[in-house]
Structures are given as structure tokens and as C-alpha cells.
Amino acid sequence: MPPEKAARLMSKHRLIETLVIFRRSLIYQTKEFFQNSTLHGVRYIAETGRPIGEKFMWFCFTSIGAVTALVIIMSLWEKFQTNPTITGLDTDFHNQNVVFPTTVVCPEAAFDHEKSFDVVYKTLANYDETKALLFTPFMDLLTTLNFDNIKDAEMLAEPMPFEQLQERTIREWAFQAHVSCESTLVSCKYRDEDINCCAHFEPIYTEHGFCYAFNSRFRSLEDHDEKTGAPHDLYETDKKWALFFVPNGTSRIFIFSNEEYFGADFNAQIDWSESQLVEVRISKKNTYTTDDARQLSIGQRKCIFSDEVKLSYFPDAYTFSSCMKQCRMNKAIKLCKCNPPFYKPITNVPMCTVKDFGCLHEYRINITNINDCLQCELSCSKTVFNIDKLIKILDRPESPGVLVEFLTWPIIRYKREVLFGWVDLLVSFGGIASLFLGFSLLSGVEIIYYFTLRACCMVYKNRQELYEIEQRIRHEPPPAIDLQLKLKSHSKIEPQPSSAIMEVKPAPLGGGTQLQNSQSRQRRNDKDYFNYSKGLYRSPKVLPAHGYTNMNDKWQYNHSQYLP
């Protein structure tokens with residue numbers, strides 16, 4: 001046999017032998033653990049000499065306690081995973097900062113037709129009026145570009161010169177044609193004071209097209225989105241907690257928290273048309289989460305702190321709307337290898353061109369599907385503005401406009417705090433396990449100690465002893481079958497006959513005296529057996545060394561029929 005093969009066989013043999021010895025060590029440590037364990041009722045199951053009925057009784061009691069404790073612990077764990085927080089009222093309204101909601105005005109005609117015609121006439125049409133009239137609808141549509149009408153934009157762009165269209169991005173062409181702020185808003189008032197509309201309403205370009213937002217987090221430029229200044233706050237001593245403005249044409253009005261990032265996640269609360277007076281009475285509901293909730297996972301508390309997750313495209317602060325917007329941007333970049341023009345420009349990511357409109361239209365359902373953005377959770381500090389009262393007065397040409405006003409001063413906040421944390425969970429687990437099983441943390445350490453460290457140490461420290469025990473148990477023959485019909489004392493060990501013929505003794509011929517003597521002798525023999533077995537239990541059992549190699553041994557000769 002080659003030396004390499006012999007070495008492999010020897011190594012395999014040693015491994016198998018070590019596994020067998022380790023199994024014997026585990027069996028030995030199991031008996032030791034059951035006899036010395038601090039768990040209630042366990043020692044009576046493995047104790048030698050106990051009746052079978054008593055062992056079964058303690059086994060049932062221990063099993064019932066273990067199952068009951070496990071069921072209660074699983075219910076506590078489910079509560080900890082699904083509902084570890086509680087929301088209550090916080091009436092400390094004097095310390096809260098009230099920010100006026102972001103109000104967005106999106107005109108129905110977001111383009112300036114004369115402006116877009118002039119741009120097309122001088123650039124794309126090359127001073128050709130016929131071509132300018134043909135290309136202008138495409139420019140007008142770019143100001144309201146979204147996934148629903150992007151196919152129409154692709155069709156309108158077919159007769160246009162692609163080389164000249166590539167000189168600017170789609171976003172830059174849209175900025176050349178959008179309606180100005182002066183053409184969108186007529187007059188504005190804030191806190192019952194006249195203000196310059198265009199100094200406070202910022203242009204934003206999103207899936208809703210070109211809009212103008214009051215108190216927005218960002219403003220849109222041709223090549224990027226930038227942050228705005230400090231938000232407009234309200235104070236309890238203000239004369240009026242309201243914003244009044246007069247749009248110049250049919251518009252959609254959006255009202256939401258200044259914390260959010262405007263996009264396709266929002267729906268218009270008001271559809272305003274000319275000669276209307278709309279009064280909107282709003283109320284603020286703010287929910288914040290205490291810092292104790294940071295010990296819980298995001299899935300448990302179902303919210304994300306503003307500084308907990310850093311978004312790639314909106315790194316300032318986490319919000320639900322910015323996370324959803326980034327999710328749509330990522331899907332568009334992944335599927336079409338470009339960023340749609342109505343999203344904020346991204347460094348090192350190309351802006352979608354007219355050639356990419358077909359891809360965006362094909363995958364529009366995949367991109368806008370919210371089920372693919374399940375990683376976006378609500379913010380742990382969230383503000384919602386509810387419309388408690390909406391009054392729409394038609395045919396008021398003398399005083400049209402939109403009034404957004406607080407119905408009452410916000411005096412209530414909602415506070416979410418931890419109801420069931422890690423410490424409470426640990427205390428609950430310990431109490432249940434101790435009540436039903438007498439289990440503690442040291443009991444768990446004891447289990448690990450017995451079946452890992454102690455078992456392994458015994459394999460390497462008492463290897464020869466374990467090997468001898470394994471060999472002895474493996475070669476120990478089954479007990480001889482006693483076919484005698486008489487009752488005899490177990491205190492006297494008599495040699496068993498090697499013959500398989502039954503030995504039948506006749507009954508005694510004596511009278512009642514002999515019967516009484518026989519019964520007395522039987523009771524004495526039973527008592528001797530009890531004392532003998534009791535002594536065997538107290539003293540360590542030493543098995544006799546049997547001669548397995550000597551074929552002339554008398555024991556082997558008498559029991560050779562039981563050997564394999």
C-alpha cells in the first residue's frame with residue numbers, strides 16, 4: 001500500500017475513533033448533568049433505583065413545565081418584535097416649533113407658449129417658422145413631463161433634429177419653456193402681511209411638472225437642486241396663522257410638511273380654478289419618538305431616525321418621501337441606464353435623452369411600483385397636516401384666491417416611547433423560565449459547560465479510560481437466560497448450568513411448618529438482595545476483566561453461543 005494512502009486511512013481511522021470516544025463522553029456527561037443539574041425535577045428522571053412510574057411522573061411534570069414556559073416565551077418574543085412601543089399624548093406645546101406647511105402651486109399650463117416658441121425658433125428650427133410651430137408642442141410638454149405622458153413626448157420629438165436637441169439636456173430645454181413666477185401668482189399674504197410672491201415661492205421641477213412652492217426644502221435649477229434657507233416659523237402671538245395667495249390660472253394645490261421632499265408620493269388637496277375663493281382650515285399632528293427607541297431595530301419600531309440612514313441622493317436628513325424618490329431613481333437608472341430629467345441631476349449618471357423615453361415608458365410600472373420600495377419606512381419624527389374644514393365659494397371674481405390657515409394653535413403632540421425593551425424582555429424570560437423550570441443564566445452556562453468544554457476535556461484527558469469503557473460495553477455479552485421455574489435468592493450467586501435443559505425440583509413433602517420456614521427464608525433472601533443491590537448503587541461498579549482472547553477460558557466456553 002502506498003504511504004500516502006496508508007496515512008489517509010490512518011488519519012480517517014483516528015478521526016472515527018475520536019468521534020466514537022466523544023460520543024461516549026457526551027453520554028457520560030449527560031448522566032452527570034442529569035444527576036447534578038439545578039433544574040427542578042430533572043435529577044429524579046435519571047436517578048438510579050427510582051421506580052419507573054416515579055421517573056415517568058417527573059418526566060411528565062418537567063415536560064409540561066418546559067412546554068408551558070416555551071409557549072409563554074414565544075408569545076413575549078412576538079410582542080417584542082411586533083409591538084414594543086406605545087404612543088401617548090404630549091401636552092408640552094410651549095416647547096414645540098411650529099413650521100408653516102409647504103404649499104405648492106402647480107399651474108395646469110406650466111409652460112409659456114410664446115417663450116418656448118421663441119426658443120425653438122432661434123435654435124432648433126433655425127429661424128424657420130413652420131418648423132418652430134411643429135417643434136413647440138414638444139417644448140411645452142417638457143414642462144409637465146412624467147411617466148404617463150413620456151410616450152407622447154417621444155412621438156412629438158420624432159421630426160426634431162436629434163443633433164441639435166442633444167446640445168442641451170431635456171431638463172435644460174424644459175427650463176427654457178416653463179412659466180414664470182410672475183405669470184403664476186398675482187398676490188400673496190403671510191401672517192396677514194403682504195409679501196413678494198416670487199421672493200418666497202421657489203420653482204421646483206418634479207414628476208408633477210413645473211411648480212412653485214412656499215416654504216419648500218429645495219429649489220430646482222437647470223443643473224441641480226439646492227437647499228433653500230430657513231423655514232417659515234409661526235408663533236402663538238402672530239396676528240394670523242395663515243397664507244393667502246391668488247393664482248393666475250387653474251392650478252393644483254398641495255399642502256404637506258416642510259420635512260418631506262415633494263414628488264409623485266403626494267396628491268393635490270385642492271383643484272383651484274379662476275373666480276373661486278377656497279378657504280382651507282388645517283390642523284397639525286406631530287409624532288416624535290424618544291431616543292430610547294434606538295435600542296430597537298428598524299423593523300420593530302417601524303420608523304427611521306433622520307440621522308440613522310444616509311441616502312445617496314438626499315444625504316441631508318432621512319424622510320419617507322426622499323427614500324421613495326431615491327428608490328424610483330435607482331430603478332430607472334438600473335433599467336434604463338439613465339436618470340429621468342424630472343429628477344434631480346446626479347453626478348456621474350447620464351440624464352435621459354429622447355432615445356431613452358421608450359425605455360422609461362416600457363418600465364414605467366416597474367419604476368413607480370411602491371412594492372419594490374419596502375425598505376422605506378416612515379420617519380420617527382413625522383408631521384401630518386389634516387384639512388379639518390374646506391370652504392369653496394364659487395363665482396367670487398371680486399375676491400378670488402386660496403387661504404391656508406391653522407384652525408387652532410397646535411397644542412397636542414404624540415410621543416412614541418419604548419414599552420417593551422431588551423431589559424424587560426430579559427426579565428420576562430428569566431421570570432417565566434425560573435417559575436416553571438428553576439432555570440437561570442448560570443443554568444444555561446452550566447449546560448454549555450457540560451456538553452462542550454467538559455466533554456472535550458474528558459476526551460483528551462481521560463481518553464484511555466473512555467476507550468476502555470467503550471470496548472467493555474461493546475463486548476459485554478447479554479445476560480444469561482434463566483429458564484428455572486423456582487424462586488431463588490439473588491443474594492447468593494450460583495453458577496449457571498451450561499446446559500439448556502430445564503432444572504425442575506419437586507415440591508417439598510413437609511406440612512405447614514416447612515411452608516412457614518420456606519416463607520421466612522424467602523423474606524430473608526429478599527432482604528439480603530435489597531441490601532446487596534443498595535450496596536452496589538453506593539459503591540462504584542467494577543466490571544470483571546473477561547478473557548476474550550483465551551479460547552480455553554471456562555466462561556467463554558459456557559457463553560460462546562452469545563458471542564457474535
Side-chain angles (χ1 to χ4, degrees), residues 102 104 123 139 142-147 150 153-154 157 162-178 202-213 216-231 258-266 304-364 366-370 372-373 375-377 379:
T102 299
V104 179
T123 56
M139 296 290 292
L142 291 183
T143 58
T144 56
L145 189 66
N146 54 55
F147 288 107
I150 200 167
E154 183 185 17
F162 181 75
E163 293 78 10
Q164 297 180 12
L165 194 61
Q166 286 291 97
E167 294 178 358
R168 295 181 181 180
T169 64
I170 297 297
R171 183 183 177 95
E172 291 174 346
W173 286 118
F175 269 83
Q176 296 295 321
H178 75 87
E202 304 286 353
I204 54 176
Y205 186 43
T206 64
E207 298 101 320
H208 295 284
F210 257 98
C211 306
Y212 288 90
S216 174
R217 291 187 62 183
F218 71 100
R219 68 171 62 93
S220 297
L221 301 178
E222 290 188 5
D223 56 348
H224 67 283
D225 285 353
E226 66 178 9
K227 293 179 61 178
T228 56
N258 173 261
E259 301 171 352
E260 300 298 335
Y261 205 94
F262 183 59
D265 309 284
F266 299 88
I304 299 176
F305 287 94
S306 59
D307 58 344
E308 188 175 16
V309 174
K310 293 294 183 181
L311 299 176
S312 301
Y313 307 146
F314 308 93
D316 298 329
Y318 174 88
T319 61
F320 174 75
S321 56
S322 58
C323 180
M324 293 294 292
K325 199 163 190 176
Q326 177 169 299
C327 179
R328 294 192 295 272
M329 294 170 68
N330 286 331
K331 288 190 289 185
I333 295 172
K334 179 181 178 181
L335 295 173
C336 297
K337 305 298 185 295
C338 65
N339 185 31
F342 40 78
Y343 291 143
K344 63 176 294 186
I346 305 172
T347 307
N348 300 326
V349 177
M351 186 76 68
C352 291
T353 63
V354 175
K355 292 183 177 180
D356 301 312
F357 284 0
C359 177
L360 294 175
H361 174 75
E362 180 182 358
Y363 293 105
R364 67 187 187 281
N366 302 53
I367 296 173
T368 58
N369 185 12
I370 62 175
D372 297 333
C373 304
Q375 74 278 6
C376 295
E377 294 283 356
S379 302

Minimal non-hydrogen separation, [X] against [Y], with atom names:
X      : Y      : answer
Asn366 : Lys331 : O-NZ, 3.0 Å
Arg217 : Glu260 : CD-O, 3.4 Å
Ser379 : Tyr318 : OG-O, 3.7 Å
Arg219 : Ile204 : CA-CG2, 4.2 Å
Leu145 : Pro341 : CD2-CG, 3.7 Å

Would Cys327 and Cys373 count as a disulfide pair, i.e. SG atoms separated by less than 2.5 Å?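 Answer is yes: Cys373 pairs with Cys327 in a disulfide.
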Answer yes or no: is the gap between the SG atoms of Cys352 and Cys336 smaller than 2.5 Å?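 Disulfide absent: SG-SG distance not under 2.5 Å.
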Is it true that a side-chain atom of Asn146 and a backbone atom of Thr144 form a donor plus acceptor pair closer than 3.5 Å?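 Yes, the answer is positive, given that a donor and an acceptor are paired below the 3.5 Å cut-off.
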Is Tyr363 atom OH crowded by more than 12 heavy atoms from other residues, nucleotides or ligands, each under 6.0 Å away?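 12 or below, so no.
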Classify the angle between the aromatic ring planes of His178 and Tyr212 as parallel (below 30°), tilted (30 to 60°) or perpendicular (above 60°).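 Tilted: the ring planes of His178 and Tyr212 meet at 30° to 60°.
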Please state whether the rings of Phe262 and His208 are parallel, tilted or perpendicular, taking 30° and 60° as the class boundaries.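 Correct class here is parallel.
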What salt bridge (Lys or Arg N to Asp or Glu O under 4.0 Å) pairs are there with at least one residue in residues 334-363, not counting sequence neighbours?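 Listed once each, the pairs would be none.
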Between Asp265 and Arg328, does at least one N-O distance fall below 4.0 Å, as a salt bridge requires?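 Yes, charged N to carboxylate O under 4.0 Å.
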Quick one: which residue pairs count as a side-chain hydrogen bond (donor to acceptor under 3.5 Å, both in side chains) with a foot in residues 163-173, not counting sequence neighbours?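 Checked against side-chain hydrogen bond (donor to acceptor under 3.5 Å, both in side chains) - neighbours excluded - the pairs reaching residues 163-173 are Arg171-Asp225.
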With rounding to the nearest 0.5 angstrom, report the OH to CD distance, Tyr261 to Gln326.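 Here the rounded value is 11.0 Å.
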Determine, stepwise, if the pair Phe218 / Tyr205 fulfils ring-ring contact (aromatic ring centres under 6.0 Å, His included). CA-CA 10 Å; Phe218 71 100; Tyr205 186 43; over 10 Å; no
